[in-house]
Structures are given as structure tokens and as C-alpha cells.
Student: 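Have a look at this one.
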Amino acid sequence: SRLSITDIITYINSLGCPKCRPIFKTALSDFIASKENLLCTDCKRRKDKNPLRVLDCKVPSCREAMEDAPSITDTLCGECSEHFEILKRSLERLDIPFEIDDRLVRGLDYYTRTIFEIQTGLLGAQSAVVGGGRYDGLVKALGGPDIPATGFAIGFDRLAEICGLNRENLIKKPAMFIAALGQKAQEMAFEWNCALGYGGIQAEMDFEDRSLKSQMKQANKLSADYVLIVGDKEIEEGAAILRDMNTKEQVDVPINDIVDRIKKRLL
């Protein structure tokens, strides 16, 4: 939402656990054997080593051959089935739309239960932007404690391409530019800059310790609404200068609780 990406669909599936997945693999392998003559070369190679990947093949003839393949959700054990139901109910309560995709799998055996992909209709065949899932046994397998885990990966090249399609909506001018003069002022400004961002005010600052004139030019270039000026003099006097870039009006703002004071003024 923050990147103005709208044409997305969330797909979910469950891979079960080490107790119930072998049952599905057996059923799937039997089905694949009956369709082997219709499969591509890659799928014929995958069918013995990792039959789940045959479900994920994008070759049209393979997808057609696997249309009636068994669904892993039909062979989940009781615990995995309940886990999947909880996941679906949770997404519904959060108003997150999703679709169940029986073909959605992962190529690595350490995944357990929930897997997901977020896909977009903006990039043609290369539609997956985010993918991930659970791997409850991986931490222990790597020598760590026996704790559940989940994670995801983002395709930043695809994400950047989508953002480029919505460039006008993505670029937002800063509400505040902090012009800090001197090392002490820069250290203070960096904290303020981060705090304002966390508080919902988009802020920018200069990190090269340039002159006030150069920083004001940068603020103009960014079309900032306000500039907060702080240097050794302002620190000594206990008040920074807040300049309205539209009206050119300037007011002193006490440095004490300055972030809260600015938020009250701008929000």
C-alpha cells in the first residue's frame, strides 16, 4: 500500500508436516507416473527426486496434465488441517483477501505447513513479487533450539519495476527538511529526522555538513514544506528556527521536546 501497488493477489497453501506429507507424495507420485508421457523433460527429471515441483511447472502441457492431480490439503493430518483453518480465519479477520492455490509448492524440503506468494498482474508471466512460508524444523537442523520460524523473500528487481509504473504516486515530497550546521547539530538532527519519520512525518536532512545556503537549495529542490534550521547558535539559545517555505515565515521552536512540538504543528 505504501508503494502504491494495487494489482496484487495473495495465494496460500499448506505443505503439511513430516508426518502427513509422505502420504501426499506417494499419491502424487502415482498420479505423475500415469501422466509421465505428457510431461516436459524437466518434470520427468523432477518426478522422482522432488515430485512436488511438477505441480509448479509453468509449461502449458504439464499444467494441463496435472489439472486433476491430488490436492495436498486433502491429506493433511489433524494438526496441520487445524493450523491451516486458523491461518485462513486469521487472514479473514484481518481483511486480507487470499486464494488457495493447490499448485503452490516450494522446492526445499524444510518448509512446513504454511507457504504463500504475493503475485501481481502487472508483469506478465513473472508475476511473483514475494514468496515465503514456515520452516519449523530448520533452526534445529542447523544446530539451534527447536523453535518454529517463518520468513519470506522479495524480488526487488520486480518490485522496482512495478514502482516505476506508479512513479507519480510513489514520489512524495518531504514535509520537513532539517538543515543542521555542525557536528553536534547533525547528531541531534539525525535523531529528530528518524523520530519524525516514525511519527508519520516524512523528513529529510543533509549528511554532508554543507553550508546553510546549499542546504536551503536542496530543500527547495525537494519541495519541502518546512525547513528546520539548527546550528551551534540555536543549540546554545535552546531554540531552532522553523521556516515555512511557502509563506517564508520563521518562528523559533524550543529544542526541548522539539519532535512533539513539530508533530503538533504539522499533523
Side-chain angles (χ1 to χ4, degrees), residues 1-32 50-58 62-63 66-123 125-142 144-156 158-159 162-163 166 169 198 200:
S1 296
R2 292 177 62 189
L3 293 175
S4 302
I5 299 173
T6 56
D7 188 8
I8 58 173
I9 303 174
T10 299
Y11 292 96
I12 65 170
N13 196 17
S14 176
L15 288 180
C17 67
K19 289 190 297 184
C20 55
R21 192 184 307 164
I23 299 172
F24 173 69
K25 277 190 173 181
T26 299
L28 181 62
S29 294
D30 291 344
F31 180 85
I32 291 173
N50 196 347
L52 269 68
R53 293 310 307 272
V54 179
L55 291 171
D56 197 31
C57 183
K58 301 299 187 291
C62 292
R63 295 188 70 82
M66 299 299 293
E67 267 188 16
D68 298 323
S71 171
I72 192 169
T73 54
D74 293 335
T75 58
L76 296 178
C77 65
E79 290 181 0
C80 289
S81 180
E82 177 60 21
H83 185 274
F84 197 45
E85 290 301 317
I86 292 173
L87 169 69
K88 291 185 287 184
R89 289 198 301 268
S90 299
L91 292 173
E92 289 167 354
R93 284 198 296 268
L94 292 171
D95 292 324
I96 297 175
F98 65 89
E99 293 185 19
I100 298 172
D101 184 358
D102 292 336
R103 295 177 180 270
L104 184 60
V105 295
R106 283 288 177 267
L108 300 169
D109 285 339
Y110 57 67
Y111 279 97
T112 53
R113 295 182 174 173
T114 305
I115 55 172
F116 66 90
E117 274 189 5
I118 297 178
Q119 300 181 10
T120 175
L122 297 174
L123 296 178
Q126 300 297 319
S127 58
V129 180
V130 180
R134 299 193 64 81
Y135 28 88
D136 290 345
L138 181 60
V139 177
K140 183 179 180 181
L142 294 174
D146 188 10
I147 57 173
T150 186
F152 61 90
I154 297 176
F156 278 104
R158 298 179 188 176
L159 190 62
I162 297 171
C163 290
N166 296 283
N169 293 329
Y198 286 130

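All values reported here derive from a predicted model rather than from experimental measurement.
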Student: Set out, in order, the CA-CA distance, both residues' side-chain angles and the distance that settles side chain to side chain contact (heavy atoms under 4.5 Å, CB included) for T114 and I12, then state yes or no.
Tutor: CA-CA 7 Å; T114 305; I12 65 170; 5.5 Å; no
Student: Mind checking whether D101 and N13 have side chains closer than 4.5 Å, heavy atoms only?
Tutor: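 A side-chain contact under 4.5 Å is absent here.
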Student: Under 4.5 Å between any side-chain heavy atoms of L76 and F24, yes or no?
Tutor: no
Student: Which value, rounded to the nearest 0.5 Å, describes the distance between R21 atom CZ and C80 atom SG?
Tutor: 8.5 Å
Student: Look only at the side chain of D136 and the backbone of T112, and say whether a donor-acceptor pair between them is shorter than 3.5 Å.
Tutor: no
Student: Residues two or more places apart in sequence or in another chain: which of them pass side chain to side chain donor-acceptor pair (under 3.5 Å) with E79?
Tutor: none
Student: Test E92 against R89 for salt bridge (charged side-chain N to carboxylate O under 4.0 Å, His left out), laying out the working first.
Tutor: CA-CA 5 Å; E92 289 167 354; R89 289 198 301 268; over 6 Å; no
Student: How many angstroms lie between CD in E99 and CD in E117, if you round to the nearest 0.5 Å?
Tutor: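 Spacing of CD (E99) from CD (E117) equals 13.0 Å.
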Student: Indicate the atoms forming the closest heavy-atom contact of R134 with P148, along with that distance.
Tutor: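 Closest pair (atom of R134, atom of P148, distance): NH2-CB, 3.2 Å.
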Student: Nearest 0.5 angstrom please: I147 CD1 to L138 CG, how far?
Tutor: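 That separation rounds to 10.5 Å.
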Student: Hey, what do you get for CD (Q119) to CD1 (I8), rounding to the nearest 0.5 Å?
Tutor: 11.0 Å
Student: Give the minimum heavy-atom separation between C77 and C17, together with the two atoms involved.
Tutor: SG-SG, 3.9 Å
Student: Once rounded to the nearest 0.5 Å, what's the spacing between atom CD1 of I32 and atom NZ of K25?
Tutor: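 Rounded to the nearest 0.5 Å, the CD1-NZ separation comes to 10.5 Å.
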Student: So does T26 get a backbone contact from the side chain of S29, meaning a donor-acceptor N/O pair under 3.5 Å?
Tutor: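 Answer holds: no.
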Student: Which residues pass the salt bridge (Lys or Arg N to Asp or Glu O under 4.0 Å) test with R93, not counting sequence neighbours?
Tutor: none
Student: Of all residues at least two apart in sequence or in a different chain, which pass the salt bridge (Lys or Arg N to Asp or Glu O under 4.0 Å) check with K140?
Tutor: none
Student: With side chains defined as the heavy atoms from C-beta onward, is the minimum distance between P145 and V139 less than 4.5 Å?
Tutor: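 Yes, their side chains come closer than 4.5 Å.
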Student: Would you indicate whether the side-chain heavy atoms of F84 and I100 approach each other to under 4.5 Å?
Tutor: yes
Student: Do you know the tightest heavy-atom contact between G16 and I72?
Tutor: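 In terms of heavy atoms, the two residues are closest at N-CD1, 4.4 Å.
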